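Structure first, commentary second.
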Amino acid sequence: MSKGVVMFGRLFLSLLAGGLLLSGCATNPVTGEREMGLVSESMELETGNKQYGPSRQMQGGDFKLDPALGKYVSGVGERIAKVSDRKLPYEFVVINDSTPNAWALPGGKIAVNRGLLLELDNEAELAAVLAHEIVHAAARHGAKGMERGILLKGAVLAAGVAARDSDYSQLAVGAAAVGANLLNQRHSRGAELEADAYGMRYMHRAGYDPQAAVGLQETFVRLNKERKSNWLSGLFASHPPSQERVEKNREMARELGAGGELGRARYQQRTAYLHKIKPAYTAYEEGRKALKEKQTDKALRLAEKAIAIEPREALFHGLKGDVLASRKSYRSATRAYDKAIRYDRNFFKHYLRRGLVRSELGDKAGARSDLEKSLKLLPTANAHHALGQISLNAGDRQGAIKHFRSASSSGSDVGKASARALARIELPRQPGRYIRASLGVSGGKLVIKIGNASPVMVKNLRLSLVSPGGKREIRLNRTVASGKGVNVGTNITVPKGSSLKGWRVSVIRAAVAE
């Protein structure tokens, strides 16, 4: 079970204790059907409010270059929300990411990616996307996903879905990791059909042509068959298209009747700037890919190309900084990150990257400031690990432990490095936290079984053995690898027929062998 899943389970238990989860049945505000009602509305609202900011951060941050576009998308969303079956504090935002995607958190917090807006043809198609997400929120589909995981045969279990492999969601730790799970849960077939059907009803009520939802779903099916990689990692991962959905949408369109707005000219006008700067984002994505493949010259050229097209986009300066940092040109990288932050002061990644570079330059105060700012926007393993190292180097053992422990909750490589760093600090003084010892008997002699649950190899173990004959200390000159166990024979005779009642063993000293 992943640490993110365990964390969700702990969150659930705390909410249960606080009365935010209600057992029993409730009426679905959209379908009118009776269903399980474990998660209360207050819990839905609290989850959405707490996770909306971190979720936007881990998905790429808000798109800020065209504020009018954000207002336009919100206006379409609010038009749909007004005719929905459930009144929630709906919010709509455009995410600065090229992947075609849209998502909804419990409580009505909804986002649509810049990349998806480029794929749509008219306002009615945008209304179809937003109406679909509104239904997911209104019909409690996110809450149902939580409920499915927390109840099984009357037992409380942890719920969660591993975050997809992306640059940002894999970094999240703490409560933000719960948000990553919520964003990436795959809705059931029934939930998708329900969101399609009621979404089309909402479109119709708001004055849009529901036929747009049919054409949009037909496009999705075609793109899915063509195996478009950016779609597969985006909308299709959590909202899989199907011919069944196309046919159901056609049936619903016939039931609702023809007519309604398409708003093509208006949509094309509102997204004109987005289309104009699309080549810059294409260069940016190619540059990211080149950097990942260690083609730094190419990556730098592409970053400069993107900047030349649109110099106000923080992501482009951030990419330039990443390339320069990979070349160890730390001062030049810092200047690039300075520009990124000038254009977007509310995206965690630029503070995180600049903090790491400042640390390399020996500017510990500047590094700490940047890393702490990044944590306020999105708690990440990378920032906690770097702050742990800074604290350790400054002689702040407790500060290092706090940050390494936070980072170690991530399953990433950085999280594993933090777990090792944490063990190196704690294990010599608290070996019982990491090393388990038990007793057995073989051939009438006592056998000591050692299990090393730590992420490091250990050596020089000292054990305290209590028996009916008294207490003694045992030294084991053995190394035990991480995650391994050994059985150590002794010359201590165990009386025949003894159940080892009254015998105890514990680890009182150990050293890290790495």
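Please read these numbers as outputs of a predicted model, since none were measured by experiment. Excluded from the calculations below are hydrogen atoms, water molecules and symmetry mates; all remaining heavy atoms, backbone and side chain alike, are included.
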Q: Provide the closest heavy-atom pair for P106 versus T47 in the form atom of the first, atom of the second, distance.
A: CG-CG2, 4.4 Å
**Q.** Interatomic distance, Q57 atom CD to L377 atom CG [nearest 0.5 angstrom]
**A.** 4.5 Å
Q. Which distance, rounded to the nearest 0.5 Å, do you find between the CG of L116 and the CG of L126?
A. 8.0 Å
(Q) Check for me whether R345 meets the cation-pi criterion with F347, that is, NZ or CZ under 6.0 Å from the six-membered ring centre and within 45 degrees of the ring axis. (A) no
(Q) To the nearest 0.5 Å, what is the distance between CD1 on I307 and CG on L319? (A) 8.0 Å
Q) Is any side-chain heavy atom of V512 closer than 4.5 Å to a side-chain heavy atom of M457? A) no
Q | Stepwise side-chain contact (heavy atoms from CB on, under 4.5 Å) check, Y351 with L371 | A | CA-CA 6 Å; Y351 291 106; L371 293 167; over 6 Å; no
Q. So, does N452 use its side chain to make a donor-acceptor pair with the main chain of A481 at under 3.5 Å?
A. yes
Q: Please confirm whether the backbone N or O of A400 pairs with a side-chain atom of D396, one donor and one acceptor, at under 3.5 Å?
A: no
Q | Candidate pair L193 and R245, rule side-chain contact (heavy atoms from CB on, under 4.5 Å), full reasoning | A | CA-CA 6 Å; L193 292 173; R245 290 178 64 184; 3.7 Å; yes
Q) Which heavy atom of A299 sits nearest a heavy atom of V323, and at what distance? A) CB-CG2, 3.7 Å
Q.
Run R433 and L427 through side-chain contact (heavy atoms from CB on, under 4.5 Å) and show every step you take.
A. CA-CA 7 Å; R433 180 189 286 268; L427 191 144; over 6 Å; no
Q: Assess the side chains of T99 and D97: does a donor N or O sit below 3.5 Å from an acceptor N or O?
A: yes
Q: Check the surroundings of atom NZ in K364: do more than 12 heavy atoms from other residues, nucleotides or ligands lie under 6.0 Å from it?
A: yes
Q) Under 4.5 Å between any side-chain heavy atoms of Y434 and L422, yes or no? A) yes
Q.
Are the side chains of F92 and V112 in contact, using a 4.5 Å heavy-atom criterion?
A. no
Q) Which is it for Y281 and E313 under the side chain to side chain donor-acceptor pair (under 3.5 Å) test, yes or no, and what are the steps along the way? A) CA-CA 9 Å; Y281 289 103; E313 175 53 80; 2.4 Å; yes
Q) Does the pair E123 and R79 meet the rule for a salt bridge (charged side-chain N to carboxylate O under 4.0 Å, His left out), with working shown? A) CA-CA 12 Å; E123 189 175 300; R79 179 174 167 179; 3.8 Å; yes
Q | Shortest non-hydrogen contact between I435 and A510, atoms and distance | A | CD1-CB, 3.7 Å
Q. Passes salt bridge (charged side-chain N to carboxylate O under 4.0 Å, His left out), E125 versus R264? Steps please.
A. CA-CA 9 Å; E125 289 188 351; R264 186 176 189 279; over 6 Å; no
Q. E310 side chain to R312 main-chain N or O, any donor-acceptor pair under 3.5 Å?
A. yes
Q.
Tell me if a side-chain donor or acceptor on S391 pairs with a main-chain N or O of L387 at a distance below 3.5 Å.
A. yes
Q) Taking S359 for the side chain and G355 for the main chain, is one N or O donor matched with an acceptor at less than 3.5 Å? A) no
Q. Mind checking whether L120 and L216 have side chains closer than 4.5 Å, heavy atoms only?
A. yes
Q: Keeping the roles fixed (side chain from T271, backbone from L274), state whether a donor-acceptor pair exists under 3.5 Å.
A: no
Q) Angle class for the Y52/W103 ring planes (parallel below 30°, perpendicular above 60°, tilted otherwise)? A) perpendicular
**Q.** Beyond-backbone contact of P89 with L45, side-chain heavy atoms, under 4.5 angstrom
**A.** yes
Q: Would you check if T380 and L352 make a side-chain contact, meaning some heavy-atom pair closer than 4.5 Å?
A: yes
Q: Could you give me the CA-CA distance, side-chain angles and deciding distance for D297 and R327, then say whether salt bridge (charged side-chain N to carboxylate O under 4.0 Å, His left out) is met?
A: CA-CA 10 Å; D297 288 344; R327 292 177 164 183; 2.2 Å; yes
**Q.** Donor-acceptor contact present, side-chain S410 to main-chain A407, <3.5 Å
**A.** no
Q.
Quick test of your reading of the model: are R353 and D322 salt-bridged, counting only N-O distances below 4.0 Å?
A. yes
Q: Would you check if P431 and I508 make a side-chain contact, meaning some heavy-atom pair closer than 4.5 Å?
A: no
Q.
Can you give me the closest heavy-atom contact between I80 and A127, atom names plus distance?
A. CD1-CB, 4.0 Å
Q.
Looking at R354 and D363, is any side-chain nitrogen of the basic one under 4.0 Å from a carboxylate oxygen of the acidic one?
A. no
(Q) Any salt bridge linking D66 with K71? Criterion: basic side-chain nitrogen under 4.0 Å from a carboxylate oxygen. (A) no
**Q.** Pair E192-H132, side chain to side chain donor-acceptor pair (under 3.5 Å): steps then yes or no
**A.** CA-CA 8 Å; E192 287 300 315; H132 185 99; 3.0 Å; yes
**Q.** Ion pair E426/R405, N-O distance below 4.0 Å
**A.** yes
Q) OG of S454 to CZ of R420: how many Å apart, nearest 0.5 Å? A) 11.0 Å
**Q.** I341 side, atom CD1; K349 side, atom NZ - distance, nearest 0.5 Å
**A.** 12.5 Å
Q: Dump the intermediate steps for side chain to side chain donor-acceptor pair (under 3.5 Å) on D344 and H350, then the final yes or no.
A: CA-CA 9 Å; D344 188 350; H350 305 317; 5.2 Å; no
Q: Rounded to the nearest 0.5 Å, what's the gap from CZ on F220 to CD on E119? Could you check?
A: 9.0 Å
Q. Would you say the side-chain atoms of Q269 and Y72 include a donor-acceptor pair closer than 3.5 Å?
A. no
Q. Do you know the tightest heavy-atom contact between A104 and E133?
A. N-OE1, 3.3 Å
Q | Steps toward side-chain contact (heavy atoms from CB on, under 4.5 Å) verdict (L105, N49) | A | CA-CA 9 Å; L105 287 173; N49 285 330; over 6 Å; no
(Q) Under 6.0 Å between ring centres: does that hold for Y337 and H317? (A) no
Q. Would you call E372 and K376 a salt bridge, using N to O less than 4.0 angstrom?
A. no
Q. Where the side chain of Q268 meets the backbone of D121, is there a donor-acceptor pair that is under 3.5 Å apart?
A. yes
Q | Aromatic contact, F404 with H384 (centres under 6.0 Å) | A | no
**Q.** Sub-4.5 Å side-chain heavy-atom contact between E304 and K320
**A.** yes
Q. V73 and L130: which non-hydrogen atoms are nearest, and at how many Å?
A. O-CD1, 3.7 Å
Q.
Using a strict threshold of under 4.0 Å (side-chain N to carboxylate O), is an ion pair present between R288 and E285?
A. yes
Q) Can you tell me if NZ on K305 sees more than 12 non-hydrogen neighbours from other groups inside 6.0 Å? A) no
Q: Assess the side chains of R335 and S332: does a donor N or O sit below 3.5 Å from an acceptor N or O?
A: yes
